[in-house]
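What follows is a single structure, written as C-alpha cells, with notes after it.
No hydrogens, no waters, no symmetry mates; every other heavy atom, side chains included, goes into these values. Worth saying up front: this structure is predicted, and the values here are computed from it rather than measured. So you know, we letter chains A, B, ... as the sequences are listed, proteins then strands, and number each from 1.
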Amino acid sequence: MLDRKLLREQMDFVVAQARRKGVEVPAQEFLAADSEFRSLKTQLDDLRKAMNEKSKAIGMLMGQGKKEEAESAKAETGELKQQIQDLEGRERDLEAHITNLELLFPNLPHESVPDGKDENDNVVVRTWGEKPEFAFEPKPHWELGESLKLLDFPAGAKISGSGFPVYVGMGAKLQRALISYMIDFQTESRGYSEVYPPYLVNAESLIGTGNLPKFEEDLYKTQDNLYLVPTAEVPVTNVHRDEILEMWQLPIKYAAYSGCFRREAGAAGKDTRGLLRIHQFDKVELVKFCLPELSYDEHESMLADAEQVLRDLGLHYRVVLLCTGDMGEKGCKCYDLEVWSPGVGRYLEISSVTNFEAYQARRAKIRFKREQGGPTEFVHILNGSGLATPRLFSALVETYQHADGSVSIPDPLKRYLGTDLLTTPQ
RNA sequence: GGAAAGGUGGCUGAGUGGACGAAAGCGCCCGCCUGCUAAGUGGGUAUACCAAUAGGUAUCGCGGGUUCGAAUCCCGCCCUUUCCGCCA
C-alpha cells in the first residue's frame with residue numbers, strides 16, 4: 001500500500017514507476033474516487049457537526065426542564081439524520097472502492113533496481129566460490145537421499161501427497177542441524193533476537209504483510225479461518241502490528257525458525273523432483289524494523305547475514321539483483337541468493353532479501369516517533385531468508401558427495417550432527 | 001467444552017444515557033525554584049482523516065441495534081483472567 005498523499009500529489013511519478021514493473025495502475029479512477037470521497041467526507045462532517053450541536057441543545061433544554069421545546073427540537077432532527085445515513089452509505093461504498101483500487105498499486109522500485117521484464121534481465125551482483133569439480137557424475141540429492149536413507153519420498157506421498165517429503169534418520173538430524181546452526185549463528189553473531197511464532201495466523205496478519213487479498217490461492221486455509229503460514233515473515237512482521245515504537249527500539253532484528261506451507265497452486269508440474277518445490281518446508285527467516293533513512297544499509301547487511309551461512313558452509317552461490325519486472329509487487333528492492341546444486345546442475349533460489357520500505361508498515365500500522373510529541377512515521381520493514389532448508393539440503397549433500405556415495409559434513413555442522421561423514425547405514 | 005468476571009489513553013484506574021476524547025495518579029516532555037541531589041511548583045503529553053488557517057469529524061476490544069444524543073442500554077463476535085472438565 002502506498003501513501004495516499006503520494007498518489008494524490010504525484011500520480012505521474014507513480015504511474016511511471018509502476019510501469020517500470022510492467023504494471024498499469026488505475027490512476028484516473030483512483031483520483032476521481034479520492035476527490036469524490038473527500039468532498040463527501042467534508043459534507044458528512046458538516047452534517048454530523050450540525051447534528052451534534054442539535055443534540056447538545058436538546059440536552060441543555062432537558063436539563064433546564066423545558067420539555068416542550070426539547071420535544072419540538074427532537075422532531076426537527078429527522079431529516080438531518082436521514083441525510084447523514086444516506087451519505088454514510090455512500091461513504092462506505094466509496095471507501096471500499098478506493099481500497100480496492102489502492103491494492104492495484106504495486107510498491108515502487110528503488111532507483112538502484114535495473115529495469116527489465118523477467119528473470120533474464122536480472123543482474124548477477126557477485127559470485128562466491130566456484131562450482132565444485134567432480135571426477136565422477138555428481139548425483140542429485142534425491143538419489144543420494146535414497147541411497148543414504150536420508151529422505152523417504154514414497155512415504156511422504158502416502159501420508160500426505162506429493163510435495164511432502166519425509167526426512168528420516170540422519171536426514172532428519174541434518175535438517176535439525178541446519179536449523180539450529182542457522183538460528184544460533186544469526187542470534188549469537190549477528191544480533192538478531194530469536195522468535196518462535198505460531199504456524200496459524202488470521203487474515204489481518206496476512207493483509208499486513210501483503211499476502212492477502214491478492215495471493216489467497218497460495219495459502220492453506222483452515223475451517224477456523226486461520227491460514228497456515230507461507231513463511232515466518234507473516235507472524236514475525238505482525239508481532240508489532242498496530243504499534244507505535246519508540247525510537248530507541250530501532251532497529252528491531254528478529255530471526256525466526258518456522259515451518260512454511262505453500263499450495264504452489266500456480267506451479268503445478270514444475271520442479272517436481274526431490275526437494276526443489278515442496279508444500280511444507282523449513283526456513284529461518286530474518287526480519288528487521290528500522291529507520292527509513294537506514295533501510296538500504298540494513299538491506300545490504302541483511303544480505304551479508306544470509307550470505308555468511310553459505311560461506312561458512314562452503315557452498316558456491318551468487319547474488320542476483322532482481323530487475324523491476326521480476327521482483328514482484330511488494331518490494332522496492334530485492335536480492336536473491338542462488339546456491340549451486342551440482343547434482344541438479346542449477347543455481348537454486350535459496351533466499352530473497354527484500355526491502356519493503358513503508359509498504360508493509362503502512363498496511364500493518366507499524367510506526368515510530370523520533371521524539372516525544374513528534375509526528376508518527378512508518379518504519380521500514382525488511383525481510384530475508386536465512387535460509388530455506390530444502391534447497392540448502394540439496395546443495396549441501398550434492399556438493400559434498402564422494403564417488404562412493406558418501407557425503408562429508410562441513411565444519412559448522414559437525415557438532416550439531418555428531419559426525420563428519422554420512423554413509424549408507426548398515 | 002462448561003461457569004463467572006472483565007476489556008477505557010504509555011501504565012494504574014474513575015466513569016451506568018447529555019457540557020466526556022474521557023477524572024485522578026504514575027510515567028514522560030518543557031519551564032520555574034532550591035548552590036548540587038531529592039523534593040516542590042506551573043504547563044504540556046492518544047490516534048486517524050478532512051481543512052490554507054481557525055477548526056471539524058471519528059475512535060473507550062470489534063461489528064450491529066435502540067435513542068435527538070451511547071464509554072454508559074440491547075444483540076452478536078473476539079480476547080483476557082479465574083474455577084471446572086479434557087488433553088500433548
Side-chain angles (χ1 to χ4, degrees), chain A residues 1-9 30-99 101-102 196-208 212 221-227 235 238-250 252 259 289 358 360-379:
Chain A
M1 192 152 316
L2 297 170
D3 184 3
R4 252 184 219 190
K5 286 204 181 80
L6 180 75
L7 296 181
R8 222 172 262 160
E9 290 160 15
F30 171 85
L31 290 175
D34 178 60
S35 91
E36 188 188 347
F37 176 78
R38 280 186 294 159
S39 74
L40 186 69
K41 177 156 169 48
T42 307
Q43 250 185 83
L44 194 51
D45 282 356
D46 288 344
L47 289 174
R48 283 203 264 244
K49 184 187 177 191
M51 190 67 164
N52 287 342
E53 280 168 358
K54 278 193 192 237
S55 292
K56 247 173 213 181
I58 291 170
M60 250 185 277
L61 291 172
M62 299 283 273
Q64 291 162 7
K66 296 178 183 169
K67 256 202 142 173
E68 280 171 30
E69 285 176 53
E71 285 305 321
S72 70
K74 269 192 206 181
E76 289 169 22
T77 59
E79 194 185 334
L80 249 185
K81 199 179 180 183
Q82 190 55 49
Q83 277 182 41
I84 289 174
Q85 279 174 358
D86 291 349
L87 290 193
E88 276 175 344
R90 275 181 61 202
E91 186 195 31
R92 249 197 306 276
D93 294 347
L94 250 186
E95 180 133 52
H97 180 53
I98 290 174
T99 303
L101 290 175
E102 266 180 324
Y196 182 78
Y199 285 14
L200 288 166
V201 295
N202 57 33
E204 289 74 40
S205 295
L206 288 153
I207 289 168
L212 283 180
K221 186 177 185 179
T222 70
Q223 68 267 46
D224 295 315
N225 288 324
L226 294 172
Y227 297 80
N238 280 281
V239 164
H240 294 294
R241 172 150 52 90
D242 292 321
E243 287 183 12
I244 298 176
L245 302 165
E246 308 266 1
M247 178 88 166
W248 57 262
Q249 293 179 274
L250 303 177
I252 295 172
F289 306 80
Q360 290 183 324
R362 204 169 281 121
R363 298 175 72 114
K365 296 194 179 62
I366 304 174
R367 296 159 292 177
F368 76 101
K369 284 187 191 219
R370 289 181 193 272
E371 55 194 71
Q372 166 94 22
T376 58
E377 296 175 55
F378 290 106
V379 297

Atom P, compared across B/rG17 and B/rA70: separation rounded to whole Å: 14 Å

B/rA14 and B/rC50, which share atom name C1', separated by this distance in whole Å: 33 Å

I'd like to compare against my own output: the B/S/- annotation of nucleotides 54-70 of chain B with a strict under-4.0 Å heavy-atom distance to protein. --BSS---------BS-

Dot-bracket assigned to RNA chain B with the 3.5 Å Watson-Crick/G-U criterion, [ ] for crossing and | for other-strand pairs, is ((((((((.[[[..)..(.....]]]((((((.......))))))(((((....))))).[[[[[..)....]]]]])))))))....

If we take the C1' atom in both B/rU67 and B/rC49, what is their distance in whole Å? 27 Å

Rounded to whole angstrom units, what separation is found between the CG atom of A/N225 and the P atom of B/rC79? 12 Å

Side chains of A/D3 and A/F378: does their closest heavy-atom pair fall under 4.5 Å? no

Rounded distance (Å) that lies between atom C1' of B/rA46 and atom NZ of A/K369: 7 Å

Output all residues satisfying salt bridge (charged side-chain N to carboxylate O under 4.0 Å, His left out) with A/E9, sequence neighbours left out; order by chain, then residue number. none

Salt bridge A/K41-A/D45, side-chain N to carboxylate O under 4.0 Å: yes

For B/rG69 and B/rC33, measure between their C1' atoms and round to the nearest Å. 48 Å

Kindly indicate whether the side chain of A/I84, heavy atoms from C-beta on, has any atom under 4.5 Å from the side chain of A/L44. yes

Between A/E95 (CD) and B/rC50 (P), how many Å, whole number? 11 Å

Taking the P atom of each, how far is B/rC30 from B/rG6, in whole Å? 41 Å

With sequence neighbours excluded, what pairs up with A/R90 under the salt bridge (charged side-chain N to carboxylate O under 4.0 Å, His left out) test? A/E36

Residue pairs fulfilling side chain to side chain donor-acceptor pair (under 3.5 Å) with at least one residue in residues 238-247 of chain A, sequence neighbours excluded: A/S205-A/R241, A/N238-A/R241, A/H240-A/E243, A/H240-A/Y254

By ring pair (Phe, Tyr, Trp, His ring centres under 6.0 Å) - contacts of A/F30 (at least two apart): A/F105

Would you kindly give the CZ-to-P distance between A/F37 and B/rA51, to the nearest whole Å? 11 Å

For nucleotides B/rA23 and B/rC77, find the distance between their P atoms and express it as a whole number of Å. 33 Å

Counting the atoms with a prime plus P, OP1 and OP2 as sugar-phosphate, which does A/L80 contact under 4.0 Å by heavy atoms, base, sugar-phosphate, or nothing? nothing

Same-atom distance (C1') from B/rU53 to B/rA39, integer angstrom: 43 Å

